[in-house]
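The block underneath contains the structure these notes are about, expressed in structure tokens.
Quick note on labels: first sequence line is chain A, next is B, and so on, each numbered from 1.
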Amino acid sequence: MSIAALAQSMGITLKALFSKPVTIPYPDAPVPLKPRFHGRHVLTRHPNGLEKCIGCSLCAAACPAYAIYVEAAENDPQNPVSAGERYARVYEINMLRCIFCGMCEEACPTGAVVMGYDFEMADYRYSDFVYSKEDMLVEVEGTKPQRREAAYTGKPVKRGYSLPYVRPELEGFKPPK
Amino acid sequence: MAKVTINDRTIEVPNGTSVMDAIFHAGYDVPLFCAEKHLSPIGACRMCLVRTGSPRKGPDGNFIMEDGQPKIFWMPKLAAACITAVADGMVVDTLSDEVKHAQSGMVELTLLNHPLDCPTCDKGGACELQDRSYEYGLVEKFYQPDPMELPMYTRFEMTRRHVDKHHPLSPFIVLDRERCIHCKRCVRYFEEIPGDEVLDFIERGVHTFINSEDDGLPSNFTGNIVDICPVGALLDRTARFRARNWEYDATETTSMDDACGAAITVDTRSGLLERIRAAERREVNEVWISDAARFGHEWVNENRVRSPLVRKDGKLVETTWEEALKAIREGLSGVARSEIGVYLAGNSTLEEGLAALELTQALGTPHRDFQGRTAYPVTGFTPASFDELLDAEFVLILGEPTEEAPTLHLRLSEYSRGLKPAARLNHGTPFADLNIKERMPRLTHKLALFSAYPSNTAKWAGASGVHAPGAEAALLAALLGEGEAPAGLAEAVAWVKERLAASQRVVLVLGAGVLNRPGAAIKARQLAERTGARVMCMTPAANARGLEALGFFPGKGGAGWTEAGPKAVYYAYLPTEAQLRAASFRVLHLTHRHPLAEKYADVILPNQTPYEKRGHTLNLEGRVLPLEPAAINNGEADGAVAALAVLAEALGIQTPVRLVRQATRLLTEKHKLPAALERWLPKGSGWAASESDATQGTLYLRPTMWRREQVVGAVAQVVELKLEMSPATARAQGLADGYQVELELPGGRERLEVKTVAGLPDGVMYAPALGAWAGRSVEAKILVGGAA
Amino acid sequence: MTGPIVSGKDPRFEKTLYKHVGQPNSWTLSYYLAHGGYQAIRKAIAQGQDWVIEEVKKSGLRGRGGAGFPTGLKWSFMPRNTGKQHYIVCNADESEPGSFKDRYLMEDDPHQLIEGMMIAGVAIQASKGYIYIRGEYRRAYDRLIAAIREAYAAGYLGQNVLGTGFSFDLYVHRGAGAYICGEETALMNSLEGLRANPRMKPPFPAQAGLWGMPTTINNVESLCSVVHIIQRGADWFASMGTEKSKGHKLFQVSGPFKRPGVYELPLGTTFRELLFDWAGGPTEPIQAIIPGGSSCPPLPWNDEILDTPMDYESISAKGSLLGTGGVIGIPASMSMVDAMWNVTRFYGHESCGKCTPCREGVSGWMVSLFEKIGTGQGQKGDVELLESMLNQIEGRSFCALADAACWPVRGSLKHFRHQFVEAVEQGKPVERLGSRWG
């Protein structure tokens, strides 16, 4: 090994020492995500507040991992949950099975299920990975463990990512500030 | 036989076959909407347009040739394959551009006014319109002029027709008029199959819609229109939005709702029975089932006994089968073996019957029976098959087929139109059988019907009449020429006698009213022997013929299912309170909890409904039919075979049958039970019925299609629980229309509304039997009465 | 003059069918008898079934309801001595727009029709006849009923007519207003009390018609013509008309002509003679004529067409149909788009709803598309779309109603395509027929 080679390698080190780091100090700093990131699903609503999901189960049919389970019921015309005749009484996604491929979003005829951004879903119990409708509706911020922690500490839900903009499909979704 | 060339394949089909069936027979496909098995082809949807042609002979008598081949002269217009009969030498083309253009054009027209609500439609995934649109709709050649352009998905840019959506036709059926494609299958079905014309088209042109009269769909066979609707216009309300079609676990089994043994498909999801559809069984029900078989399933899911219950300190507590075994062992200690009674439900399988028979024989007890056994043995009659029924020259019915054996009513509809079983082609039943026509005249000279209550089947009968319950023996005696006909029936009886004498192949159909009156049944047997008639017995118990054939009926001195007697009892159904009270130790093997069981049962074992059983049954033809268990979550429930094995173990007896499959093997090996769908007609010994077994009383329990447990949910809205009688009888009883009365019936107390019906025999009250007691008369015990 | 009679001005031609129309009390039995009535039926009964059929075959009479099927041939299809009840049905449901000939035959000469039906009854061994009359023809219905009563009273109808052993009962049924009831199988359904949907053929009515019995259905004019054929002989009838279209025919003229109405002329008369010599010529410029009722393709108004003889073959050669002979003139001041819109709306309204192409195509799409073009909302490609739709509907429907709706539109597109294209390009609502009368 020559001196020249040594100097060259030291030079690289020296150069890197004064350049901006590529790593992110997560979880202290948010991860910058691309708008088309495939994270935890969001169940969107129409502007009038009705759920877009009509319980058609096409997402479950399209799901290659059999992660989705839907049970439908008939809307009460006086007090509808969704627009139309039927709504999803039960809507569950098993996040352990989900491979975040986005086929459900492709299959959805009403644009109800959209891939969101939450990815921090690590938890302790199997049952906690089954996300129900209450965990995925658009107004819900964060994942189950994040919300549990927020409820415990009394602080707002902390989501560890930032976005340049939100995809328009995610109607009503509020990105983290 | 006619030789037909379909595209490149030459086949032979019987003369009179439709071009559509010839195409299917050759293995090619042709789209269709309006044609349906067992219905008349009408050529309304125009989907099956094909090009037909044939070679022609010149003046010299030889075929006109072209390039060494006979020249094909094509018809100037495309023909609807369903209403065109094949001709020898015919050539059919289903693949040319002209045909494809016509078919895709027709899909386009059909879809014009069809709403795009497939995601919320219960037919989605099993929809013929979806399939045909996908296969035949978007032929790129016609809808994508340039390969670089986007395909043209629609050319219809106007507002679609908007009409009534989810319009409830009855508590069972919901109609979506926007989805209707006017194939007329449902309208034709009602006219042709059950003969109840309750639906029709209203208006014309693009405004045409389906409607019924205001009072729902008064027919026992409404559900079949859900199966045959090619789109989601007619849907099952009891299964509304329960699951998408691909999510159901479908199990094909046999309906145990009546003695016909119709094939059904049980659809379950997540362990719940959600829907029942008809399955095809050409020998028996073709593709039709009754409403009781289809909609009477809501009771299955709710309030089930899921684990054994044992009475401890006067209370029933949930426990395990092991604990139940212990409790049974304790309870049976000290009871003499001949004092133990084993009673099965009428819809038990042959396997269960065999297990019970083996056990009671090992015990040496005569106390054994099945619920709903008629007073006269049905094995005493040689049964007719449905094919023999269609071939008969004359059919005499004593009973009410629409209620007692609904499938039989539908086959009688076929019989009264003079139809014979259709030819079996490569694809099975023909889709467009040109022998079937719209509004065929009913051959009333081939049918006669007498019943104790007005029957719907009588509309096809050349002679019919209503007699008082109990007059069956007199009626049959008159038919035998041994006495006067009951009042008002002399003319009809004379006609029937004449027809019986003139006919070769006669089929006798006997209802529970005759079979429960040995005097009448003996006369019926004489009549059958004299005319050489085959007999179809509409027994209240679904597997009566099978259980009787095994020899499962009371031994000498044994108590029948209507009597109390044995000290310790095993009931696979809920018996009467008197029977429970009479026993000292009672093991009830039930599917559902019931106040009576809570009060009396010492041990309750969880039972399976017929939908959950594996095994075999025998229908009224003597045909062996298989039962397959559907995926219903019933906890620890098990059938009678397992329960009786527990009983045997508690008694320290070794029986040869402990498992269902063991029983099946024993049946085939020892009892020579043939394969499924074949007929098993062993020489049954039967029992000696005496005329003193006749039932007496002023209250006639008229047979009903529905059983008591089925009358919940939507069924409860349809079934009318009425106490019917003639106006004179009502006056004599001090009752009037609309009075609410509570009656003590064998099956428990029932609240009924009084309804007077002119024309019913005087001195008799009619209550719906709702199960095993059908066709029997009892003393009327009116507990509470008064104006509503 | 020699040769066939092909002009109403030919001195050898005389009015027969309409001879008594407009005469006082022409509908009474006494008038009819005074003018030689009920002689033909005596002759027919005396000569027998075979002679009647042969005579009608020889005369070359073709069905006057529109399709032009030889009447004698139709009768010969009827099975004989079946032991079943045979029926003769008169199709008097004259519902084709532009056609109004049968109305006056029934109003002013009902006995002629009764006699014609009886002769047909002889020919096909029918002892029962039905007249299915258009519901709106109230006066014709009343006169028919009165005439039938008179005929019964005088022994011309009923058991053992005139002591000849021939029995004939006649019933009149009023339609409830459906064009489709002019289709023979739908007419039979309607007569049976069912929904007026066309039935499947085969079986043809001759095998299984009304209530499953052998039935023949004829037009009013055909049956009336038979009376004169029997009376005067087949040769007299065949002396009129062209080689394949023999006899006389009732032509109707409607539209802006001086004397619109019904004209009895021999077949083979030219349009020019009918429209100028008899109807007095147009009162305003005409752009098109529909030669045989609204279901026939319109033809342009020019010398070539005007000199075309009116018979089945010549009009076919020009691309249209003789139909019922109801000639409609469409004035040049009117848009063909509006005319066809009106025709399509009529057929859309009259579609029975049985088969898909007619229900969805004619009744749904074509009507909507015409509304779109006619109200000035047409887009580029709409005319092509209309044309492709015609291809999709024509020849693929269950009965001929959808075809009848397509032919006039197709004919207009052939001769007057520019008007459609203009209507689409200009995007202005077309002038509506109603606007002519404020």
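Side-chain atoms of C/T356 come within 3.5 Å of backbone N or O of B/C45 as a donor-acceptor pair. Without hydrogens or angle criteria, B/S104 side chain to B/H101 main chain gives a donor-acceptor distance under 3.5 Å. Checked by atom type and distance alone, the side chain of B/D176 pairs as donor or acceptor with a backbone atom of B/E178 at under 3.5 Å. Remark: side-chain polar atoms of C/K128 are not paired, donor with acceptor, to backbone N or O of C/Q85 under 3.5 angstrom. The backbone N or O of C/T185 sits less than 3.5 Å from a side-chain atom of C/E183, completing a donor-acceptor pair.
Contacts with chain B were tallied for C/P203, C/P357, C/G361, C/G364; C/P357 has the most, counting heavy-atom pairs under 4.5 Å. Here B/L109 is the residue among B/T208, B/T84, B/L109 with the most heavy-atom pairs under 4.5 Å with chain C. When C/G212, C/P202, C/S397, C/S388 are compared by the number of non-hydrogen pairs under 4.5 Å with chain B, C/S397 comes out ahead. Ranked by non-hydrogen atom pairs under 4.5 Å with chain B, the options C/I393, C/N391, C/L385, C/V362 are led by C/L385. The residue among C/G353, C/G348, C/A196 with the most heavy atom pairs within less than 4.5 Å of chain B is C/G353. Between chain B and the residues C/Q392, C/R359, C/E394, the largest count of heavy-atom pairs under 4.5 Å involves C/R359. Residue with the most contacts toward chain C among B/E438, B/E203, B/H207: B/E203 (heavy-atom pairs, distance under 4.5 Å). Comparing B/K184, B/K77, B/R155 by how many heavy-atom pairs each has under 4.5 Å with chain C, the most go to B/R155. Options B/R161, B/M47, B/E108, B/K437 differ in how many heavy-atom pairs under 4.5 Å they form with chain C, and the most are formed by B/E108. Across B/G205, B/A79, B/P441, the residue that shares the most heavy-atom pairs under 4.5 angstrom with chain C is B/G205.
Of the atoms belonging to B/F33, not a single heavy atom falls under 4.5 Å from chain C. Residue contact with chain B, scored on non-hydrogen atoms closer than 4.5 Å, involves the backbone and the side chain of C/A178 alike. Residue B/M158 touches chain C through its side chain alone, counting heavy-atom pairs closer than 4.5 Å. Heavy-atom distances place the side chain of C/D403, and not its backbone, under 4.5 Å from chain B. Residue contact with chain B, scored on non-hydrogen atoms closer than 4.5 Å, is absent for C/I180. No part of C/K201 comes within reach of chain B, as not one of its non-hydrogen atoms sits under 4.5 angstrom from that chain. Of the atoms belonging to B/L49, it is side-chain heavy atoms, and not backbone ones, that fall under 4.5 Å from chain C. Neither the backbone nor the side chain of B/A80 comes within less than 4.5 Å of any heavy atom in chain C. For C/R396, the parts lying under 4.5 angstrom from a heavy atom of chain B are both the backbone and the side chain. Heavy atoms closer than 4.5 Å to chain C are found nowhere in B/L111, neither backbone nor side chain.
Taking the charged nitrogens against the carboxylate oxygens, B/R132 and B/E135 do have a contact shorter than 4.0 Å, which makes a salt bridge. Salt bridge B/D117/B/K165: present, at least one basic N to carboxylate O contact under 4.0 Å. A salt bridge does not link C/E422 with C/R417: none of the charged nitrogens is closer than 4.0 Å to a carboxylate oxygen.
Annotation: cation-pi pair C/R345/C/F370 absent, no NZ/CZ under 6.0 Å from the ring centroid and within 45° of its normal. For the pair B/R185 and B/Y189, the cation-pi test (distance below 6.0 Å, angle within 45°) is failed.
If you look at C/H173 and C/Y130, their ring centroids are not closer than 6.0 Å.
Annotation: side chain of B/E157 is in contact with side chain of C/K372 (closest heavy-atom distance under 4.5 Å).
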